[in-house]
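First comes the structure, then the notes that go with it.
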Amino acid sequence: MATEIRVPALGESVTEATIGRWLKKQGDAVALDEPLVELETDKVSVEVPAPAAGVLSEIAAKEGDTVEVNALLGLVGAAGEAKKPAKAADKPAKAAKAEAAPAKAAAKEPEKAQAKGGEEIEVRVPEGGESVTQADVGEWFKKEGDAVALDEPIVSLETDKAAMDVVAPAAGVLKKIAAKAGETVEVGALLAVIAAGETASAGNGAAKPQAAAAPKPAETSAPLSPAPRRVIGEYGVDPSTITGTGKDGRITQGDALAAASAPKTAKAPAPAAPRQPGAREERVKMTRLRQTIARRLKEAQETAAMLTTFNDVDMSAIMELRSQYKDVFEKKHGIKLGFMSFFVKACVHALKEVPEVNAEIDGTDVIYKNHYDIGVAVGTDRGLVVPVLRDADALSLAGVELGIAELGKKARDGNLSLEDMQGGTFTISNGGVYGSLMSTPILNPPQSGVLGMHRIEERPVAVKGQVVVRPMMYLALSYDHRIVDGKGAVTFLVRVKENLEDPQRLLLDL
C-alpha cells in the first residue's frame with residue numbers, strides 16, 4: 001500500500017509553500033527519511049523526507065506549484081509494487097540493463113544528450129504556482145558557450161512567493177541567453193537555448209572545456225545549496241570569490257551574506273557617480289524576505305487591536321551584578337553574562353502572573369500557554385528573524401545566554417530551521433543595540449505581547465527625595481487589547497521593572 005507524502009506544518013502564520021525542486025524522480029528508489037523534495041516558504045526552505053522506504057511511485061505536485069499545508073505531494077510505494085510498472089515483461093532487454101546499472105548510472109546523462117544530439121532545446125519560464133504569472137531573472141550560473149549537464153541549475157528566478165532554480169533539460173552547451181539578469185519575464189517566456197549533445201568534443205575541441213574547467217574546481221568542491229544561492233542571486237555576488245566555511249568547504253548563507261556586504265564598503269570611496277545628472281536616486285527592488293516582513297507587519301497592525309504602554313527601569317543593580325560576577329560567570333559557563341538573560345527571566349516571572357500576555361486568540365477562543373517559549377528578535381543582513389528560546393522558565397541565566405548565543409549565530413549564518421522559529425509565546429526585541437531611545441514594537445502574530453528594550457542612558461532621577469544620576473532604560477510593551485486589558489499590561493510591565501531593579505526577586509521567585 002502506498003504511503004502519502006504531505007506538506008508538513010511550516011510554522012506559525014505560514015499556510016503555503018512553493019515546490020522548489022524534486023530531489024528524486026518518479027520511479028526512483030527511496031530510503032526512509034531520505035530527502036525527497038525541497039519546499040520554499042516566505043521564511044525558510046525545508047526538505048521533506050520520505051515517510052517510508054520504497055519507490056517514489058507518484059509525484060502529485062510539480063516544481064513551481066504552490067501548495068498548502070497538508071496538501072498531497074506524492075506517494076511512496078513498496079519496493080515490490082514499484083517494480084510492477086517497470087515493464088520487465090514487455091522489454092526483456094531491461095533485465096540486462098539492470099545488471100549493468102552501476103556502469104550505466106555514470107553514462108545516464110551522456111546517453112540522454114546523445115539521443116538529442118544536434119537538437120536545439122528551448123528553456124522556458126516554468127509555471128510558478130497559482131496566481132504567479134511572472135518572475136524576475138536572478139543570476140545566470142552559466143555563460144553562453146558553457147557546457148551544461150542534465151538537470152544542472154543554469155539560472156535562478158524570483159517570484160513573489162519563492163526563489164527557484166531553472167535546470168538544464170538536456171546535457172549540451174548553453175548556446176543562447178534570451179533573458180538578462182534583472183529582467184521580468186512571463187510564464188512560458190524563452191530564457192535560453194541549449195544545443196543538446198554539444199560537449200567538449202564538439203566545436204572548439206579541448207581548448208574551451210579546459211579553459212572553462214579552470215575556475216570550476218572551487219564550485220564543484222563546494223556546491224551551492226538553495227539558501228546561499230538565493231542570496232548570491234539577490235546581491236549579484238560572484239560565488240567563486242566566496243570562501244565556504246561549511247562542511248566540506250560548502251558555502252553557507254552566512255558566507256554569502258558576508259560576501260554581499262563586502263562590495264558595499266569597496267564601492268563607498270567612489271563619489272563620482274552620484275555627481276552625474278540622473279544618478280541622485282537608485283531604484284532597487286525589495287528582496288523577497290523584505291516583502292514578506294512588510295506584509296506580515298502590516299497584517300499585524302490590521303488584525304490586532306494593538307496598543308503600547310511604557311515604563312522605565314533603573315539598570316544600576318543589574319550593571320553592578322554583572323560587573324561583580326562577569327569574570328567568574330564566563331570562566332564557569334563559557335559565555336558572557338549579558339542583559340538578555342535577566343530580561344528573559346524577568347518576563348517569564350511576569351508572564352506567570354499575567355497569563356493573558358502569554359496567550360493567543362484563535363477565532364472565538366483564547367489559548368492560554370502553560371509553557372514559556374520566548375522569541376528573541378535578531379537583525380540579520382537580510383532582515384529581521386525571531387528564533388525561539390524553548391522552555392525559558394526551566395533555564396538558568398547561563399542556559400538563557402548560551403541558548404540566545406546559539407540562535408543568534410544560526411540566524412547570522414542562515415542556518416535557522418523551521419523548528420527554531422515556530423511556537424513562540426512572547427517576544428523580546430532589543431532596539432537598544434542600534435541606539436534606539438524609545439519605540440513601539442509591533443506584535444509577532446499570533447502572540448499577544450512583545451517587549452521592546454532600548455538603550456541605557458544616564459539620566460537624573462529622584463531617589464528618596466534626592467536627584468541622582470542613574471543608568472535608565474525605557475521599556476515598551478505592545479499588546480493585543482482584544483485579550484490583554486490595560487490593567488494586565490501595566491501590571492506586567494511593572495513586574496518586569498521590579499524584577500530588573502531588584503534581581504534578588506528572580507532568585508526568590510517573588
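The first residue in the sequence is number 1, and the count goes up from there. Worth knowing before you read on, the calculation uses all heavy atoms, side chains too, and leaves out hydrogens, waters and symmetry mates.
- Closest approach of Ala476 and His454 over heavy atoms only: CB-CE1, 3.9 Å.
- Proximity of Val185 to Val137: side-chain heavy atoms (C-beta onward) are separated by under 4.5 Å at one or more points.
- Side-chain contact annotation: Ser341 with Glu401, donor-acceptor N/O pair under 3.5 Å present.
- Rounding to the nearest 0.5 Å places NE2 of His349 at 10.5 Å from OH of Tyr372.
- Within a 6.0 Å sphere centred on OH of Tyr325, other residues, nucleotides and ligands contribute 12 heavy atoms or fewer.
- Of the possible donor and acceptor atoms, none in the side chain of Lys352 sits under 3.5 Å from a partner among the backbone N and O of Asp393.
- With hydrogens and angles ignored, the 3.5 Å screen pairs no side-chain donor or acceptor of Arg455 with any backbone N or O of Tyr434.
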Q: Run the numbers on Val76 and Leu36 for side-chain contact (heavy atoms from CB on, under 4.5 Å), then give the verdict.
A: CA-CA 10 Å; Val76 173; Leu36 296 181; 4.3 Å; yes
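- Under the 4.5 Å side-chain criterion, counting only non-hydrogen atoms from C-beta, Val378 is not in contact with Val386.
- Under a 4.0 Å N-O distance rule, the pair Glu498/Arg495 qualifies as a salt bridge.
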(Q) Between Leu73 and Arg6, does the side-chain contact (heavy atoms from CB on, under 4.5 Å) criterion hold? Intermediate values first, please. (A) CA-CA 5 Å; Leu73 294 172; Arg6 293 192 174 272; 5.8 Å; no
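- In this structure a side-chain-to-backbone donor-acceptor pair under 3.5 Å is missing from Asn311 to Leu493.
- The line from CG of Asp33 to CD of Glu47 is 12.0 Å long, rounded to the nearest 0.5 Å.
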Q: Tell me, with the steps shown, if Lys62 and Ile19 meet side-chain contact (heavy atoms from CB on, under 4.5 Å).
A: CA-CA 7 Å; Lys62 295 180 292 184; Ile19 308 293; over 6 Å; no
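- Checked by atom type and distance alone, the side chain of His333 never pairs as donor or acceptor with a backbone atom of Lys336 at under 3.5 Å.
- If you check the side chains of Ser478 and Thr440, you find no donor sitting under 3.5 Å from an acceptor.
- The side-chain heavy atoms of Ile5 and Leu72, taken from C-beta on, include no pair separated by under 4.5 Å.
- Note that OH of Tyr368 is 5.5 Å distant from CD1 of Ile483, once rounded to the nearest 0.5 Å.
- Under the rule for a side-chain hydrogen bond (donor to acceptor under 3.5 Å, both in side chains), the partners of Thr427 that lie at least two apart in sequence or sit in another chain are Gln447.
- Using a 4.5 Å heavy-atom threshold, the side chains of Leu75 and Leu56 count as separate.
- Atom CG of Leu397 and atom CD1 of Ile335 lie 12.5 Å apart (nearest 0.5 Å).
- Sequence neighbours left out, the pairs with a member in residues 463-483 that pass salt bridge (charged side-chain N to carboxylate O under 4.0 Å, His left out) are Asp314-Arg470, Asp480-Arg482.
- Looking at Ile318 and Arg322, their side chains come closer than 4.5 Å, going by heavy atoms from C-beta outward.
- When all heavy atoms are compared, the tightest approach of Ala61 to Val67 is CB-CG1, 3.9 Å.
- Note on Arg21 versus Glu63: no salt bridge recorded, every NZ/NE/NH1/NH2 to OD/OE distance being 4.0 Å or above.
- Looking at heavy atoms from C-beta onward, Leu307 lies out of side-chain contact with Thr309 at the 4.5 angstrom threshold.
- Closest heavy-atom contact between Leu451 and Pro441: C-CG, 4.4 Å.
- What you find for Val467 and Pro460 is that their closest heavy atoms are CG1-CB, 3.9 Å.
- Contact of the Leu39 side chain with the Thr18 side chain is not registered, since no non-hydrogen atoms from C-beta on lie closer than 4.5 Å.
- Side-chain contact annotation: Thr425 with Asn358, donor-acceptor N/O pair under 3.5 Å present.
- Side chains of Glu34 and Leu32 form no contact here, defined as non-hydrogen atoms less than 4.5 Å apart.
- Proximity of a side-chain donor or acceptor of Ser156 to a complementary backbone N or O of Glu139 within less than 3.5 Å is detected.
- Here the CE-CE distance, from Met315 to Met472, works out to 10.0 Å after rounding to the nearest 0.5 Å.
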Q: Output, in order, the C-alpha distance, side-chain angles, deciding distance and verdict of side-chain contact (heavy atoms from CB on, under 4.5 Å) for Trp22 and Ile59.
A: CA-CA 9 Å; Trp22 279 93; Ile59 291 178; 3.5 Å; yes
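- Nearest heavy-atom pair, Tyr479 versus Leu477, reported as atom, atom and distance to 0.1 Å: CD2-O, 3.6 Å.
- Nearest approach of Val484 to Ala489, heavy atoms of both residues: CG1-N, 3.8 Å.
- In this structure, the separation between CZ on Phe339 and CE on Met473 is 6.5 Å, given to the nearest 0.5 Å.
- In this structure, the side chain of Thr491 engages the main chain of Lys487 through a donor-acceptor pair within 3.5 Å.
- Using a cutoff of 4.0 Å between basic side-chain nitrogens and carboxylate oxygens, Glu501 and Lys497 are scored as salt-bridged.
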